[in-house]
Visitor: 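What follows is a structure written as structure tokens; I'll ask about it next.
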Amino acid sequence: MSKKKTFVLLQYLIFFGIGFALIYYQYKQLKPQDLADLKTALHQVSDRLWILIPIFIIGFLSHFFRALRWRLMLTPIGVKTGIVNASAAVFIGYLTNLLLPRMGEVAKCTVLAKYENQAADKIIGTIVAERLFDLICLALIALLTFFLQTEMFQAYLSTFQNQDTKSNLPLMISIALFVGLAFIGLLYFLYKRNKEGKIGQFIKGMGQGLGSILNLEKKALFFFYTFCIWASYLSLIYIGFFALAATEHLGLEAALSVLVLGSVGMILTPGGLGAYPQILQYVLHSFYGVGLAFGLAFGWISWLAQTLIMIIFGILSFIVLPIYNKAKNG
């Protein structure tokens, strides 16, 4: 086996290993009462299956808006694709990520390139720009979440300190801003020192990717689709709260916290396996007083709903794409 294949295999084993280790850890932490609470939670969900209808609709729309936004990014590089091909490629990308970590973006570009007769390398640049822009959006949403719930976070942090956290808040914000500026400065330094190297070209590509967004002809439409994507993600969580009696009282502010920290869980393991429910359990219990078992139940219900959306529409995309393109080119 080549070094490259060995590295890829090791990467998969590590990511999936972390996911299953977290699942095992969650199980071992459950006490008899927690198991009883989990059964109660599952019973509540079975009585509220109507929630799956808006969740599946909004889940589809979140990916559909992503496809529409991606089409705008493809136009400046000369790739004109239809809504069906772009949407199917997005769903196939998400489905691939569930099985092969970090390969979804490659699959997404490869599928679209195949049916639009384009070079995949040409399209990959738009994915880098899209991911970088979404990272910036997540950071802004995190700041909004913090400022909307400053008192709650202060109260939580004060449990780890002997002094009032409020007095440390300006220092914490200053440190965060300093770290952000230092990171930007480091990128600039690395680019200046390695303009022609791989690092320099990668940083240059990120800059060009963000620049391409600012140079779009339909910038307003791009930002509208971006708003729709994140609003859909937020709506999925908020509506999901009504699946359990223990979470149905939570509002949009709690949904924002779950969205921000849950996004980290989706990155740590393939499709958020194990990590996403664990993080949601921690957020709901630590910040909003939801019981451990009910927090874990919500995490797994939320993860399962999102995963089913990716699997169902991903498989449908594999079936529909060749049929649609054969008829179109027929």
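Everything quoted here is computed from the prediction, not taken from an experiment.
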Visitor: When rounded to the nearest 0.5 angstrom, what distance separates CH2 in Trp303 from CD in Gln278?
Guide: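 CD of Gln278 is found 14.0 Å from CH2 of Trp303.
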
Visitor: State, with a plain yes or no, whether a side-chain heavy atom of Thr145 is found less than 4.5 Å away from one of Glu253.
Guide: no

Visitor: Looking at every heavy atom in both Met73 and Ala129, which two are closest together, and how far apart are they?
Guide: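 Between these two residues, the closest heavy atoms are CE-CB, 3.7 Å.
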
Visitor: If you apply the rule side-chain contact (heavy atoms from CB on, under 4.5 Å), what do you find for Phe241 with His249, and how did you get there?
Guide: CA-CA 8 Å; Phe241 283 157; His249 67 284; over 6 Å; no

Visitor: Regarding Arg71 and Thr81, do their side chains bring together a donor and an acceptor under 3.5 Å, going by distance alone?
Guide: no

Visitor: Indicate if Leu72 and Val84 have the same hydrophobic cluster label, given that clusters are the connected sets of ILVMFWY residues with side-chain heavy-atom separations under 4.5 angstrom.
Guide: no

Visitor: Tell me, with the steps shown, if Arg131 and Glu105 meet salt bridge (Lys or Arg N to Asp or Glu O under 4.0 Å).
Guide: CA-CA 10 Å; Arg131 289 292 175 262; Glu105 286 74 16; 3.2 Å; yes

Visitor: How far apart are the closest heavy atoms of Ile127 and Cys109, and which atoms are they?
Guide: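 Looking at all heavy atoms of both residues, the shortest contact is CG1-SG, 3.3 Å.
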
Visitor: If every non-hydrogen atom of Ile279 is compared with every non-hydrogen atom of Gly262, which pair is closest and at what distance?
Guide: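 For Ile279 and Gly262, the tightest heavy-atom pair comes out as CG2-N, 4.2 Å.
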
Visitor: Let me have the donor-acceptor pairs involving side chains of residues 311-320, under 3.5 Å, with sequence neighbours excluded, atom names and distances please.
Guide:
{"residue": "Ser317", "atom": "OG", "partner": "Phe313", "partner atom": "O", "Å": "2.7"}

Visitor: Kindly indicate, with the supporting measurements, whether the criterion side-chain contact (heavy atoms from CB on, under 4.5 Å) is fulfilled by Lys328 and Asn85.
Guide: CA-CA 11 Å; Lys328 185 181 73 170; Asn85 282 351; 3.6 Å; yes

Visitor: Please round to the nearest 0.5 Å and tell me the distance separating atom CG of Leu250 and atom CG of Leu244.
Guide: 10.0 Å

Visitor: To the nearest 0.5 Å, tell me how far Ile239 CD1 sits from Ile55 CD1.
Guide: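 The CD1 atom of Ile239 sits 6.5 Å away from the CD1 atom of Ile55.
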
Visitor: Where the side chain of Ser286 meets the backbone of Val283, is there a donor-acceptor pair that is under 3.5 Å apart?
Guide: no

Visitor: From Phe64 CZ over to Ile58 CD1, what is the distance, rounded to the nearest 0.5 angstrom?
Guide: 15.0 Å

Visitor: Sub-3.5 Å donor-acceptor pair from the side chain of His285 to the main-chain atoms of Val290, do we have one?
Guide: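 It does hold such a pair.
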
Visitor: Can you tell me how far apart OG1 (Thr126) and CH2 (Trp70) are? Round to the nearest 0.5 Å.
Guide: 6.0 Å

Visitor: If you define the side chain from C-beta out and look only at heavy atoms, does anything of Thr307 sit under 4.5 Å from Met310?
Guide: no

Visitor: Any side-chain heavy atom of Phe298 within less than 4.5 Å of one from Ile237?
Guide: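 SC-SC contact between Phe298 and Ile237 confirmed.
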
Visitor: Tell me if a side-chain donor or acceptor on Gln118 pairs with a main-chain N or O of Val79 at a distance below 3.5 Å.
Guide: no

Visitor: Would you please say whether a donor-acceptor pair under 3.5 Å links the side chains of Gln306 and Ser302?
Guide: yes

Visitor: Quick one: pull up CG in Leu259 and CD1 in Ile141 and give me the separation to the nearest 0.5 Å.
Guide: 5.5 Å

Visitor: Heavy atoms only: give me the nearest Val260-Leu138 pair and the separation to one decimal.
Guide: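 Of all heavy-atom pairs spanning Val260 and Leu138, the closest is CA-CD1, 4.1 Å.
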
Visitor: Quick check: do Glu248 and Phe242 have side-chain heavy atoms less than 4.5 Å from each other?
Guide: yes

Visitor: Test of understanding: clusters of I, L, V, M, F, W, Y form through side-chain heavy atoms closer than 4.5 Å, transitively. Do Leu148 and Phe227 belong to the same one?
Guide: no

Visitor: Give the C-alpha distance, both sets of side-chain angles, the deciding distance and a yes or no for ring-ring contact (aromatic ring centres under 6.0 Å, His included) between Phe133 and Phe222.
Guide: CA-CA 11 Å; Phe133 183 75; Phe222 176 88; 5.1 Å; yes

Visitor: Ring centroids only, cut at 6.0 angstrom: are Tyr324 and Tyr115 within range, meaning strictly under it?
Guide: no

Visitor: Do any side-chain atoms of residues 229-236 form donor-acceptor pairs under 3.5 angstrom with protein atoms, and if so which ones, sequence neighbours left out?
Guide:
{"residue": "Ser232", "atom": "OG", "partner": "Cys228", "partner atom": "O", "Å": "2.7"}
{"residue": "Tyr233", "atom": "OH", "partner": "Arg66", "partner atom": "NH2", "Å": "3.1"}
{"residue": "Ser235", "atom": "OG", "partner": "Ala231", "partner atom": "O", "Å": "2.8"}

Visitor: Keeping the roles fixed (side chain from Thr96, backbone from Gly104), state whether a donor-acceptor pair exists under 3.5 Å.
Guide: no

Visitor: Would you call Arg69 and Phe224 a side-chain contact if the rule is heavy atoms closer than 4.5 Å?
Guide: no

Visitor: Answer with yes or no whether the hydrophobic clustering places Leu135 together with Val264; edges join I, L, V, M, F, W, Y residues whose side-chain heavy atoms lie under 4.5 Å apart.
Guide: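 The answer is no; the residues belong to distinct hydrophobic clusters.
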
Visitor: Looking only at the side chains, is there a donor atom on one of Gln149 and Ser257 sitting less than 3.5 Å from an acceptor on the other?
Guide: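 Judged by distance alone, the side chains do pair up.
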
Visitor: With a 4.5 Å limit on heavy-atom distance, are the side chains of Phe91 and Lys108 in contact?
Guide: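 Result no, sub-4.5 Å side-chain heavy-atom pair not found.
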
Visitor: Leu304 and Tyr94: same hydrophobic cluster, using ILVMFWY side-chain contacts below 4.5 Å?
Guide: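 Yes, Leu304 and Tyr94 fall within the same hydrophobic cluster.
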
Visitor: Please tell me whether Ile92 and Leu308 are part of a single hydrophobic cluster in this structure, the criterion being side-chain heavy atoms less than 4.5 Å apart.
Guide: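 As far as the 4.5 Å side-chain criterion goes, Leu308 and Ile92 are connected within one cluster.
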
Visitor: What I'd like to find out is whether the side chain of Phe146 reaches to under 4.5 Å of the side chain of Leu256, using heavy atoms alone.
Guide: no

Visitor: Does Leu280 reach the side chain of Leu296, with side-chain heavy atoms less than 4.5 Å apart?
Guide: no

